Amino acid sequence: MKILIIEDEKLAADRLMKMIREIEPTAEFLATIVSIQSAVEWFRHHPDPDLILMDIHLADGQSFDIFKSVKVNAPVIFVTAYDEHALEAFTVNSIDYLLKPVKKEDLQRAFDPQVFCQ
Amino acid sequence: MESMKKERVEYQFATLKSQVNPHFLFNSFNTLIAIIEEDKEKAVSYVEKLSDYFRNMVQHREKDLITLGEELEMVATYYFLQQKRFGDNLHLQVEIPENWKSEFGLPPLSLQLLIENAVKHNAVSHETPLTILISAYKDDSLRVVNNINPKRQPEKSTGIGLGNIKSRIQIISGRELKVDDAVDGHFIVELPLIHLKR
């Protein structure tokens, strides 16, 4: 499973990857992207991954801006520290919305194959 | 009139201080969990700093004035916590003579709020690092300078933070906090200090 991480804090990104490896041993991490600008660049030059984990507050603004600049078809799991963007998140192709600190069982639920089938 | 204004400013400040920034709190917990898994001793010192931060918040908010040294300690604690998140992309430099730390005072959290504002309103990343310099200015002021890294979508700003610091400084010192945001890509604040010993 090819996974793209969009998260501007290194510690947070490292921890996400560690938990995902435990849940999904076939996970392959394509890149860790820290800003809207570099995310837009990445999507322009790469095919869609199988899954994206995306922090909402990035260094240069909110990650929803990415979808305004480039077409993304992959499913997205949003991650945020504070619950105020849930509605906005569901206007794009999100399959789950996780709050920081991210709990492993919540992440596990997001990876449930049934979710992908929906 | 003057006393009504003072009351309003104090009320505003009380509200401001009672608001724990939820982003700061939950992001700190998230960072903490990552550190716990990585290094037990580092995690202990992180929690100690986090508790220092909240204790200082609670203790200092009762006062009208604290020493520059006390305020700088708060700022240092905040910087320690934020640096765990942002790494080398956030720099804070303090250039203040040692004797100023006990000779001058200021309304509590005024410098702290300026630093939090800088972190809140600017992009902090590897491509766009944020550098904040706090330095002694003229005989009795501080200058806080940071480079401006505009965000694509600016954070919602209430303007209460900066406005409230301005009013408290005005009331307590009779002097004015000056803000200049158009100097060569830098945001500059001039913060008047109060002489404690004469």
Side-chain angles (χ1 to χ4, degrees), chain A residues 5-22 31-42 53-70 78-86 88-89 97-107, chain B residues 19-40 42-43 45-47 49-50 80-91 116 118-131 146-158 185:
Chain A
I5 306 274
I6 302 180
E7 160 66 77
D8 61 344
E9 289 173 39
K10 192 182 176 298
L11 280 175
D14 289 350
R15 179 165 179 263
L16 266 182
M17 288 191 274
K18 189 173 168 235
M19 282 196 290
I20 293 170
R21 271 193 211 102
E22 288 166 12
T32 302
I33 288 169
V34 300
S35 67
I36 292 162
Q37 202 182 340
S38 43
V40 170
E41 276 303 298
W42 194 93
L53 274 96
M54 192 181 280
D55 185 24
I56 292 180
H57 286 269
L58 294 177
D60 53 353
Q62 293 189 354
S63 57
F64 301 120
D65 274 7
I66 296 168
F67 302 95
K68 292 178 190 159
S69 309
V70 73
F78 281 104
V79 180
T80 187
Y82 183 52
D83 190 8
E84 58 186 349
H85 301 289
E88 207 169 342
Y97 183 87
L98 304 178
L99 294 176
K100 288 183 182 179
V102 177
K103 295 187 187 120
K104 199 179 164 189
E105 66 247 40
D106 292 343
L107 194 60
Chain B
Q19 291 166 343
V20 172
N21 176 343
H23 283 283
F24 178 71
L25 186 63
F26 292 117
N27 275 319
S28 296
F29 286 146
N30 198 56
T31 306
L32 175 61
I33 290 178
I35 303 175
I36 288 173
E37 290 179 342
E38 194 181 277
D39 184 334
K40 218 167 84 179
K42 268 192 199 159
S45 68
Y46 187 84
V47 176
K49 293 281 186 189
L50 197 58
F80 174 94
L81 296 169
Q82 291 295 48
Q83 235 198 351
K84 291 283 178 243
R85 290 180 56 201
F86 295 116
D88 291 337
N89 306 326
L90 177 67
H91 305 269
E116 287 186 22
V119 174
K120 183 179 164 194
H121 294 293
N122 288 284
V124 185
S125 74
H126 185 66
E127 294 90 39
T128 57
L130 180 67
T131 302
N146 65 266
N147 56 312
I148 299 174
N149 296 330
K151 291 190 175 187
R152 288 168 161 246
Q153 193 179 12
E155 298 268 335
K156 278 175 217 140
S157 181
T158 54

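Everything numeric in this text was worked out from a predicted model, so none of it was measured. Numbers restart at 1 for each chain; the letters A, B, ... are given by sequence-line order, proteins then strands.
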Is there a donor-acceptor pair under 3.5 Å between the side chain of [X] and the backbone N or O of [Y]?
X: A:Arg21; Y: A:Leu16; result: no
X: A:Lys100; Y: B:Ser28; result: no
X: A:Asp60; Y: B:Ala123; result: no

If you measure from [atom1] on [X] to [atom2] on [Y], what distance do you get to the nearest 0.5 Å?
X: B:Ile35; Y: B:Glu37; atom1: CD1; atom2: CD; value: 11.0 Å
X: A:Thr32; Y: A:Asp8; atom1: OG1; atom2: CG; value: 11.5 Å
X: A:Ser63; Y: A:Glu7; atom1: OG; atom2: CD; value: 10.0 Å

Notebook entry, point to check: Considering heavy atoms only, which positions within residues 33-41 of chain A lie below 4.5 Å of chain B?
Noted result: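 Checking residues 33-41 of chain A against chain B gives A:Val34, A:Ser35, A:Ile36, A:Gln37.
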
Notebook entry, point to check: Are B:Asn146 and B:Leu130 close enough that some pair of their side-chain heavy atoms sits under 4.5 Å apart?
Noted result: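 Yes, side chains in contact.
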
Margin query: Between B:Phe24 and B:Phe29, is the ring centroid distance below 6.0 Å?
Written below: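 Not close enough - the centres of the two rings lie 6.0 Å or further apart.
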
Checklist line | Passing option when B:Asn147 is tested against B:Thr128, B:Asn122, B:Thr131 for side-chain contact (heavy atoms from CB on, under 4.5 Å) | finding: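 The single option meeting the side-chain contact (heavy atoms from CB on, under 4.5 Å) with B:Asn147 is B:Thr131.
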
Margin query: At under 4.5 Å between heavy atoms, what parts of residues 81-89 of chain B are in contact with chain A? List them by residue number.
Written below: B:Lys84, B:Arg85

